[in-house]
Amino acid sequence: MRQVSIEGIRDFDLDHIFDCGQAFRWNRRPDGSYAGIAGRRIANLRFDPCQQGGRLILSNVTDEDFNGFWKDYLDLGRDYGAIKKELAAKDPVIGRAIGAGQGIRLLRQDKWETLISFILSQNNHIPRIKKCIEALCCQFGEKAGQLDGEVYYTFPAPETLACLEPEDLVECRLGYRAKYLIGTARKVAADGLERLETMGAPDVSAAEAFEYVTSFPGVGPKVANCILLFSMGKYDCFPVDVWMKKVMNDLYGLESVKEISDFAGRTYGSYGGIAQQYLFYYVRQISRRQSADPLTLENRRK
DNA sequence: TGCCAGGCAAGCC
DNA sequence: GGCTTGCATGGC
């Protein structure tokens, strides 16, 4: 199989990247590799860490694909080591979270797919969000190809979803989010997909992009910030969900969303969104450990 | 078995 | 403008 191998990659860990709630169409294989789809491109990623920077092996990928797409998608051009240093220098507490998710990278994902995916994320668990999205792609996407015996489907286009009615979506089990999805698809189709795409341009401010994406039904401040951060390169955005409320309360004693957002802007600056991902991964890791280990202090008190 | 999740919109004051 | 409530669903 066609394959690309890249040496000397630092600040990179597949579990951290694909298990930090930013992308929903990647799955861990028993060998520790991840298989997934982006656009029409299907790939398997494997990473062998080593002291001097590890080796990333991308299967089902050509050199042309790597240079023209995957390099940017995986954000390999960014120096996360420098960002981590900068964040740690600004704030003494975040070092713990950076240590937990040291290999996180923010994927540069498709804007339309991210918009719909995070509409489906609201008041939902990550494993179930993945199921909803797979059902949607399987039913309304196009067959993109096959890898290791598994068939992959593209994310359905705006026009495809725009002409659906809620009853067409019952099998996807989206719940009350189905009507938001249809309303948003219709508005994207009416506005033209280009309008959404232009929001990712560097000269479009986060505030302007925020205003546009919150005009879609089912998109409030939290979902909007996720879209801006995960698909539009607005790295100062700081999405606050229930996990972030918990970790920001535990670490800094902050309570309200406004308190948390203000603190983040003040403290982490232009890389607040990246700080947010380390914190998100950290608090979820702690939570998982506690539920896996009944002898932790918190559980013993019960 | 309930509780809860990468929240939002609508209705209240 | 801030606060409360209803919401579909299923993983844990």
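In the text below, chain A, chain B and the rest are named by the order of the sequence lines, each starting its count at 1.
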Can you check whether A/R284 has a side-chain N or O nearer than 4.0 Å to OP1 or OP2 of B/dG6? yes
Taken to the nearest whole Å, CD/A/E171 to C1'/C/dT9 is 16 Å
* Aromatic ring proximity, centroids under 6.0 angstrom, A/Y271 and A/Y80 -> no
Students often get this wrong, so: under 4.0 angstrom with heavy atoms, is A/F24 touching a base, only sugar-phosphate, or nothing?
nothing
Quiz item: Expressed in whole Å, how much space separates the P atoms belonging to C/dA8 and B/dT1?
Solution: 24 Å
Check this for me: does any side-chain nitrogen of one of A/R266 and A/D262 sit under 4.0 Å from a carboxylate oxygen of the other? no
Given the options A/I57, A/D148, A/N44, A/L45, A/S33 meets side chain to side chain contact (heavy atoms under 4.5 Å, CB included) only with A/N44
Salt bridge or not for A/K90 and A/E86, using N-O below 4.0 Å? yes
**Prompt:** Which class fits the ring pair A/F238 and A/Y268: parallel under 30°, tilted 30 to 60°, perpendicular over 60°?
**Reply:** parallel
Which of A/D241, A/V242, A/V257 passes side chain to side chain contact (heavy atoms under 4.5 Å, CB included) with A/K222? It is A/D241
Atom CG of A/L120 and atom C1' of B/dA5 are separated, to the nearest Å, by 14 Å
* Asked: Under 30°, 30 to 60°, or over 60°: which ring-plane class applies to A/Y212 and A/F216, parallel, tilted or perpendicular?
  -> perpendicular
Among C/dA8, C/dG11, B/dA5, the one nearest any side-chain atom of A/W243 is B/dA5
A/R288 atom CZ is separated from C/dC12 atom C1', nearest whole Å, by 13 Å
**Prompt:** Would A/D110 and A/R25 pass as an ion pair if we require N to O under 4.0 Å?
**Reply:** no
Whole-Å distance, A/K222 NZ to B/dG7 P, equals 5 Å
When you compare C/dT4 with B/dG6, how far apart are their P atoms, in angstrom units rounded to a whole number?
23 Å
Picking from B/dG7, B/dG6, C/dG10, the nucleotide nearest the side-chain atoms of A/I129 would be B/dG6
note: A/N124, atom CG; B/dC8, atom P; distance rounded to Å ~ 13 Å
Polar atoms only, N or O, under 3.5 Å: list the protein pairs with nucleotides 1-3 of chain C and their distances.
none

To the nearest angstrom, the CZ-P distance between A/F280 and B/dA5 comes to 11 Å
When rounded to whole Å, the CD1 to C1' distance for the pair A/I119 and B/dG7 reads 12 Å
- prompt: With a 4.0 Å cut-off on heavy atoms, is A/C20 in touch with a base, just the backbone sugar-phosphate, or nothing at all?
  reply: base
For A/R128, report the nucleic acid contact type (base, sugar-phosphate, nothing); a contact means any heavy atom under 4.0 Å.
-> base
Per nearest nucleotide of DNA chain C, the residue lying toward the 5' end, A/N123 or A/K131, is A/N123
So which protein N/O to nucleotides 9-13 of chain B N/O distances come out below 3.5 Å?
residue, atom, partner, partner atom, Å
B/dA9, OP1, A/G218, N, 2.9

A/R108 with A/D72: basic N within carboxylate O range, under 4.0 Å = yes
Regarding the side chain of A/Q122, the nearest nucleotide among B/dC8, C/dG10, B/dG6 is B/dC8
Paired to B/dA9 by Watson-Crick or G-U wobble criteria (both distances under 3.5 Å) is C/dT5
Which of B/dA5, C/dC12, B/dG7 is nearest the side chain of A/H125? It is B/dA5
Can you tell me how the ring of A/F155 sits relative to the ring of A/W112, calling it parallel under 30°, perpendicular over 60° and tilted otherwise? perpendicular
Mind checking if A/I126 touches a base, just sugar-phosphate, or nothing, with heavy atoms under 4.0 Å? sugar-phosphate
_Salt bridge present between A/R28 and A/D15 (N-O < 4.0 angstrom)_ = yes
Separation of C/dG10 atom P from A/L174 atom CG, nearest Å, is 11 Å
